[in-house]
Enquirer: 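Below is one structure. I have some questions about it.
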Amino acid sequence: MSKHLEIYIHIPFCVKKCDYCDFLSDRADCKTKEEYVDALIKEIELSKNILNGYEVDSIFFGGGTPSILESHLFECIMNAVKKYANINENTEITIECNPGTLTREKLEVYKKTGVNRLSIGLQSANDDELKSIGRIHTWQEFLDNYRIARECGFDNINIDLMSALPGQTISSYKETLEKVVALNPEHISAYSLIVEEGTIMYDRVNEAALQGKDILPDEDTEREMYYMTKNILEENGYHRYEISNYSKEGMECRHNVGYWTRQDYLGFGLGASSLYGKERFANTADMKKYLENRKNPEKIREKEPSLTREDEMAEFMFLGLRMNDGVTREDFERAFGISIDAIYKDTIDSLKKQELLVVKAGHIYLSERGKDVANYVMAQFLKD
């Protein structure tokens, strides 16, 4: 079996929505969670013919807060995946967890059912900063969860961090980085806060602005935090393999790498997206519709317009360039049957002249300066 696939499973529930969150998630009672898991399992079962043709490289439980599910519900989902998908001991299986929802019993169930990677949403080691973004946990609660996870045998743990938070200073962010690297996790994802319209944070920032105040760190401070992240993590043995992701050698997140290299993936659950060959579709974001049509997955899947060949080329470039190794001429020609220079020579030459791209031994990747203005670089390929 040579065809490979990734699976994404969306758990759209949380204790409360964080102030910055614009993801598809909300609170739910026990009955809704049970009905949702039943619908999710039915969707997986009805996709067995597709799943049977692939070897699954990775499974990722995202949210929301997947660790909010009761253990027996999570176990039911995993049993369905094992029944209908081709997974083995090498399949990377990740669950996103938030402190405040984890217990030893849940962690033991994760381990027993085959989960081999945890992604824990810490965001900050400062309790005041955690409160400022609406998180439900404290630094100590995170530490307790992390310790228990290690005791349960998890040896591949990611910790999520955020910078440019309300009230955050260079000193407090440095302290967070130092505390986290002292724990020696295998992987660290470090993102700068993005204030999205429609969130509590967006309203707070705008309200403060009307009063002549800025509750977020200024641009220079945010930039210094950005460089500090890279320097401290690299000094402590983490290599940056993607713009916002750092890992110990060989501990890169396989699921994310598959996404950035445009591997086929199937998404299950509310709002989940899929890329299956040339087909793209996304499940409905309407919970009522999703639950009512649990036995008719074709009614919950909303087909998206097929990408043109030009769109696929642009996607190949702006996803691949997120990674440290960038893209290769060979991979581009294999994917599209034409040389990369025939399509993007002028763009590549211009960006190379600006010292934003490096072209070396068949590889094209972002320079250090290019990583700093990655959004600008990606936009140049979208213009073509």
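Worth knowing before you read on, the calculation uses all heavy atoms, side chains too, and leaves out hydrogens, waters and symmetry mates.
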Enquirer: Is there a donor-acceptor contact under 3.5 Å linking the side chains of Tyr20 and Arg204?
Expert: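 Not at all, the side chains of Tyr20 and Arg204 share no donor-acceptor pair under 3.5 Å.
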Enquirer: Does Lys17, at its NZ atom, have more than 12 non-hydrogen atoms belonging to other residues, nucleotides or ligands within less than 6.0 Å?
Expert: yes
Enquirer: Taking C-beta and beyond as the side chain, do Leu183 and Leu143 meet within less than 4.5 Å on heavy atoms?
Expert: yes
Enquirer: Between atom CG of Leu193 and atom CG of Leu165, what is the distance when rounded to the nearest 0.5 Å?
Expert: 6.0 Å
Enquirer: Report, as yes or no, whether the 6.0 Å neighbourhood of atom NZ on Lys295 holds more than 12 heavy atoms from other residues, nucleotides or ligands.
Expert: no
Enquirer: Quick one: does Tyr344's side chain get under 4.5 Å of Phe332's, heavy atoms only?
Expert: yes
Enquirer: Please determine whether a side-chain nitrogen of the Lys or Arg among Arg309 and Glu312 lies less than 4.0 Å from a carboxylate oxygen of the Asp or Glu.
Expert: no
Enquirer: Out of curiosity, does Ile188 fall in the hydrophobic cluster containing Trp139 (side-chain heavy atoms, cut-off under 4.5 Å, transitive links)?
Expert: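 Result: yes, single cluster for both.
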Enquirer: More than 12 non-hydrogen atoms from neighbouring residues, nucleotides or ligands closer than 6.0 Å to NZ on Lys83, yes or no?
Expert: no
Enquirer: Salt bridge between Lys289 and Glu292, side-chain N to carboxylate O under 4.0 Å?
Expert: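 No, no charged N to carboxylate O under 4.0 Å.
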Enquirer: Is there a side-chain contact between Tyr226 and Ser192, using heavy atoms and a 4.5 Å cut-off?
Expert: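 Of all side-chain heavy-atom pairs linking Ser192 with Tyr226, none is under 4.5 Å.
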Enquirer: Say whether Asp144 and Gln140, considering side chains only, have a donor N or O and an acceptor N or O under 3.5 Å apart.
Expert: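 Distance-only check passes for Asp144 and Gln140.
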Enquirer: According to the interplanar angle, ranging from 0 to 90°, do the rings of His255 and Tyr8 count as parallel (below 30°), tilted (30 to 60°) or perpendicular (above 60°)?
Expert: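 Geometry flag for Tyr8 against His255: tilted rings.
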Enquirer: Return each pair, listed once, that meets side-chain hydrogen bond (donor to acceptor under 3.5 Å, both in side chains) where at least one residue sits in residues 163-179; pairs must be two or more places apart or across chains.
Expert: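 Qualifying pairs, neighbours excluded: Glu129-Gln168, Glu129-Ser172, Thr169-Ser172, Tyr173-Thr229, Glu175-Lys179.
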Enquirer: Answer yes when Lys230 and Glu234 have at least one side-chain N-carboxylate O distance shorter than 4.0 Å, and no when they do not.
Expert: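 Answer for the salt bridge query: yes.
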Enquirer: Consider only side-chain N and O atoms of Glu92 and Asn156, and report whether a donor and an acceptor are under 3.5 Å apart.
Expert: no
Enquirer: Working note: Asp160 + Asn158, criterion side-chain hydrogen bond (donor to acceptor under 3.5 Å, both in side chains); need CA distance, chi angles, decisive distance, verdict.
Expert: CA-CA 7 Å; Asp160 277 346; Asn158 168 64; 3.0 Å; yes
Enquirer: Report the C-alpha distance between Arg322 and Glu242 in whole Å, list the side-chain angles of each, state the deciding distance to 0.1 Å, and finish with yes or no for salt bridge (Lys or Arg N to Asp or Glu O under 4.0 Å).
Expert: CA-CA 6 Å; Arg322 290 191 62 87; Glu242 190 271 343; 2.5 Å; yes
Enquirer: Taking the six-membered ring of Phe154 (Phe, Tyr or Trp), confirm whether the NZ or CZ of Lys111 is under 6.0 Å from its centre and within 45° of its axis.
Expert: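 Yes, cation above the ring, under 6.0 Å and within 45°.
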Enquirer: For residues 66-76, run the donor-acceptor check on the side chains, cut-off 3.5 Å, and write out each pair with its distance to 0.1 Å, sequence neighbours left out.
Expert:
from  : atom 1 : to     : atom 2 : distance (Å)
Ser67 : OG     : Asn98  : N      : 3.2
Ser67 : OG     : Thr101 : OG1    : 2.6
Ser71 : OG     : Glu105 : OE1    : 2.8
Ser71 : OG     : Glu105 : OE2    : 3.2
Glu75 : OE2    : Lys112 : NZ     : 3.0

Enquirer: A quick test of your reading: do over 12 heavy atoms of other residues, nucleotides or ligands sit less than 6.0 Å from CG of Leu307?
Expert: yes
